[in-house]
Protein chains: 2
Amino acid sequence: MGRSATTLTDVARAAGVSLSTASLAFSGAGPISAATKDKVLAAAAELGYRGPDPVAASLRRGRSGVIGVVMGSAVRRSFRDPVSIQFLDGIVTTLAPKGYGTLLLPASAADETPDAMLTHAAMDAAVLMAGAVTSTSTIAALRARKLPTVQIGGAGRQGPAVRARDKDGMRMLGEHLRERGHTRVAVATLPWSNGATSGPVEVGTTRRPAAPITARRLDGLREAGVEPVAMWQCGSLVEDGIAAGRALLAERPTALVGFSDLIAAGLLLAAREAGLRVPEDIAVAGFDGIDLPWLGEDTLTTLVQPIAEMGRLAAEGAISLAVGGSPKTVTVDVELRIGTTT
Amino acid sequence: MGRSATTLTDVARAAGVSLSTASLAFSGAGPISAATKDKVLAAAAELGYRGPDPVAASLRRGRSGVIGVVMGSAVRRSFRDPVSIQFLDGIVTTLAPKGYGTLLLPASAADETPDAMLTHAAMDAAVLMAGAVTSTSTIAALRARKLPTVQIGGAGRQGPAVRARDKDGMRMLGEHLRERGHTRVAVATLPWSNGATSGPVEVGTTRRPAAPITARRLDGLREAGVEPVAMWQCGSLVEDGIAAGRALLAERPTALVGFSDLIAAGLLLAAREAGLRVPEDIAVAGFDGIDLPWLGEDTLTTLVQPIAEMGRLAAEGAISLAVGGSPKTVTVDVELRIGTTT
DNA sequence: GCAGAGGCTCGAATCGATTCGCCGACGGCG
DNA sequence: CGCCGTCGGCGAATCGATTCGAGCCTCTGC
């Protein structure tokens, strides 16, 4: 707060009351007569007092009122991902009215030393966005600080988490596709492991992805009896989806499934590009339920996650942690929204 | 930070050194022998000390190391606007490595009382995103705190700002369109005033928009001798752009200009929907230079703002303010990128 | 008129570190 | 052998508020 010349002590002196009384006038946490309060406030205005120093108050109170939000490892990528952004939105809009601040923290990349902020910023608790969980150095840094955290999209193995029943969702989608008679389903998955590069994934193997999200969603499809005829792993980007689509179409699938809506949108564009009619020639489905107003006439068949709601739940969990509570892991349902693409 | 049983005092005692020496071992800001330092660090590890309390350190240092970022009034809208997000991205990625934290603050809506965070959070300086500037209560709250701020996209009238030469850019675009022989240009502008609703704007009037961004961009077009045959004001959303496009096409323009790329994308979709070939039947141009990988074959003619760079400049300005400097307003060039749509 | 009961105010301790000036000891040099 | 410079460690003040128990003053009720 820099050169703040005037402190509460000055105000108290000017108002002719004690420091403690002046404090009460601002915090309102105690009995104080209206007259005295006005006197203090007037003196404060007179002196141009900025209000109680938040840092000093935090020190005394033992809580900073700040919740950290650790974005995915690749900061730039997180900022391009509408799902992360909507999580963030849900978090901020929940925290702000409750008087909590949101501190944005980039997760350190794979094994770099974590940013100073991660280790040195004042926070009462933190929310870990799915993508960030993979960076071991980030987790280690947080644990070293003994900072309570809630994961969003994570497994909830090491503490409270907010997660969606994505396996169930994918099973529903798989069943939907089978009902529609699709047997040749090609899938553009999320990366199989942290830091994997885009490209084909061998099918017919029973290997499970190392990345939990990818694994769960794939499991869901398989539970529905859908065994992909081709797979391609890629990031949640339209570009990657287009590339995946071009590659996957070589296998002549009758349905394309993207593990995110952005990917699915890319698949759809690739299908259109190939001159295929959707859904007559090929079906396309995604995951997330984000707004894609630019798809034109089509609305994507997708599994809708209550994204903002998950952000809200994570924020509430973090607040609970901040005040010493121990929130439980929350699991939310995803809903199959059938659009015009299947 | 809550139950932190162990403090630096405990560590010092355990290590058999004084408090001041223990502090030096962590901060490194003073002469200390390697042996002593190791001894302290070992004692700290032994006790499970989390490191110096950031809040206490901030209080003593007089700086919190946190920069606030005030997002546009309509939080949800800001989070959907890729430009805001990329500003934020540029800001975060600049601040983090320099050891500054980014505190996300939703601006209060029009005339509501500002969120507690705005007035009570610990910050050394703040960045005001363009959209947030309009909310008077937000500005008032910040001013009352005497918090130094840098505006992004603002006028820079009341302090340092980072701005783009958008008028010049629009002039270049106007000239480009005239060179291509366009005389009937319809424009989908940003809102003319804070809180304006979407809809037609009367042309032929000399009225200037109250919103500075809208005004500057329109001025630019006019300087190039482009007088719109029709105008529609709307938010920076694809949906709004589509609606604007449908309405504007009634005037049979030969070119459509959107004041943001999202709007322009909507215009393009509306044009396609109307069966018009782009650019043969109608030209489309935007503003911002964001990635729109889903436009298919087309690449939008647009004015590229160096968005991340502007975020970086704003962040550096904020840091300068935080340490007591007085950064100047920075103005960056926009570049006309000619795509396939004109 | 007095005792009791509230309602306000005030003192003082405390939150956990940073930092500056001072001092002791040790080593080099005359 | 003694003096001075220097390096490293120590004490104490300080950052700016919050908060609780103690005390005072006034009002009420008998």
Side-chain angles (χ1 to χ4, degrees), chain A residues 1-41 43-44 47-65 119-124 145-146, chain B residues 1-41 43-44 47-65 119-124 145-146:
Chain A
M1 316 304 310
R3 330 267 109 247
S4 176
T6 55
T7 72
L8 192 53
T9 310
D10 303 326
V11 174
R13 187 171 16 241
V17 300
S18 75
L19 173 59
S20 36
T21 302
S23 174
L24 258 31
F26 282 96
S27 69
I32 185 171
S33 71
T36 311
K37 184 169 178 175
D38 289 347
K39 196 165 55 176
V40 174
L41 263 28
L47 294 173
Y49 179 61
R50 307 138 124 97
D53 182 327
V55 176
S58 294
L59 173 60
R60 186 64 245 262
R61 289 213 176 97
R63 295 185 298 108
S64 63
T119 57
H120 292 322
M123 308 179 258
D124 295 337
R145 286 188 63 172
K146 294 183 186 144
Chain B
M1 314 304 309
R3 330 267 109 247
S4 176
T6 56
T7 73
L8 193 53
T9 309
D10 303 327
V11 174
R13 192 179 1 250
V17 300
S18 75
L19 173 60
S20 36
T21 303
S23 175
L24 258 32
F26 282 96
S27 70
I32 187 171
S33 72
T36 311
K37 183 168 177 177
D38 288 347
K39 195 165 56 176
V40 174
L41 262 30
L47 293 173
Y49 178 61
R50 308 138 124 95
D53 183 326
V55 176
S58 294
L59 174 59
R60 186 62 245 260
R61 290 212 176 97
R63 295 184 299 106
S64 63
T119 56
H120 291 324
M123 308 178 259
D124 295 336
R145 285 188 63 171
K146 295 183 186 144

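- Here the nucleotide nearest the side chain of A:S18, chosen from C:dG11, C:dA17, D:dA17, is C:dG11.
- For the pair A:L8 CG and D:dT18 P, the computed distance is 7 Å after rounding to whole Å.
- With hydrogens and angles left out, the side chain of A:T9 and the base of D:dG16 share no donor-acceptor pair within 3.5 Å.
- Between the NE2 atom of A:H120 and the P atom of C:dA17 there is a distance of 13 Å, rounded to whole Å.
- Between the side chain of A:S20 and the base of C:dG11 there is at least one donor-acceptor pair of N/O atoms closer than 3.5 Å.
- The line from CZ of A:R13 to OG1 of A:T6 is 11.5 Å long, rounded to the nearest 0.5 Å.
- In this structure, CZ of B:R63 is placed 21 Å from P of D:dT14, rounded to the nearest angstrom.
- Nucleic acid contact for A:P52: sugar-phosphate only, since backbone atoms but no base atoms lie under 4.0 Å from a heavy atom of the residue.
- To the nearest angstrom, P of D:dC15 lies 13 Å from CG of A:L19.
- Atom CZ of B:R61 is separated from atom P of D:dA13 by 22 Å (rounded to the nearest Å).
- Using a 4.5 Å heavy-atom cutoff, the side chains of A:P52 and A:R60 are not in contact.
- How far OG1 of B:T21 is from NZ of B:K39: 9.0 Å, rounded to the nearest 0.5 Å.
- Distances shown here put every side-chain N or O of A:Y49 at or beyond 4.0 Å from the OP1 or OP2 atom of D:dG16.
- Scanning all heavy atoms of the two residues, the minimum distance from B:L24 to B:P31 falls at CD2-O, 4.0 Å.
- Taking side-chain N and O atoms only, B:S23 has a distance below 4.0 Å to OP1 or OP2 of C:dT18.
- Residues A:T21 and B:K37 each lie close to DNA chain D; by heavy-atom proximity, the contact nearer the 5' end of the strand is made by B:K37.
- Regarding A:F26, its CZ atom lies at a distance of 13 Å from the C1' atom of D:dG16, rounded to whole Å.
- For the pair B:I32 CD1 and C:dT18 C1', the interatomic distance rounds to 14 Å; values are reported in whole Å.
- Atom-to-atom, CG of B:L24 to P of D:dC7 comes out at 15 Å; the value is rounded to the nearest Å.
- When distances are taken from the side chain of B:P31 to each of C:dC10, D:dG8, C:dC8, the shortest belongs to D:dG8.
- Distance check: B:S58 OG to B:D124 CG gives 8.0 Å after rounding to the nearest 0.5 Å.
- Residue A:T7 places at least one side-chain N or O under 4.0 Å from the OP1 or OP2 atom of D:dA17.
- Residue B:L59 is in base contact, counting any heavy-atom pair closer than 4.0 Å across all strands shown.
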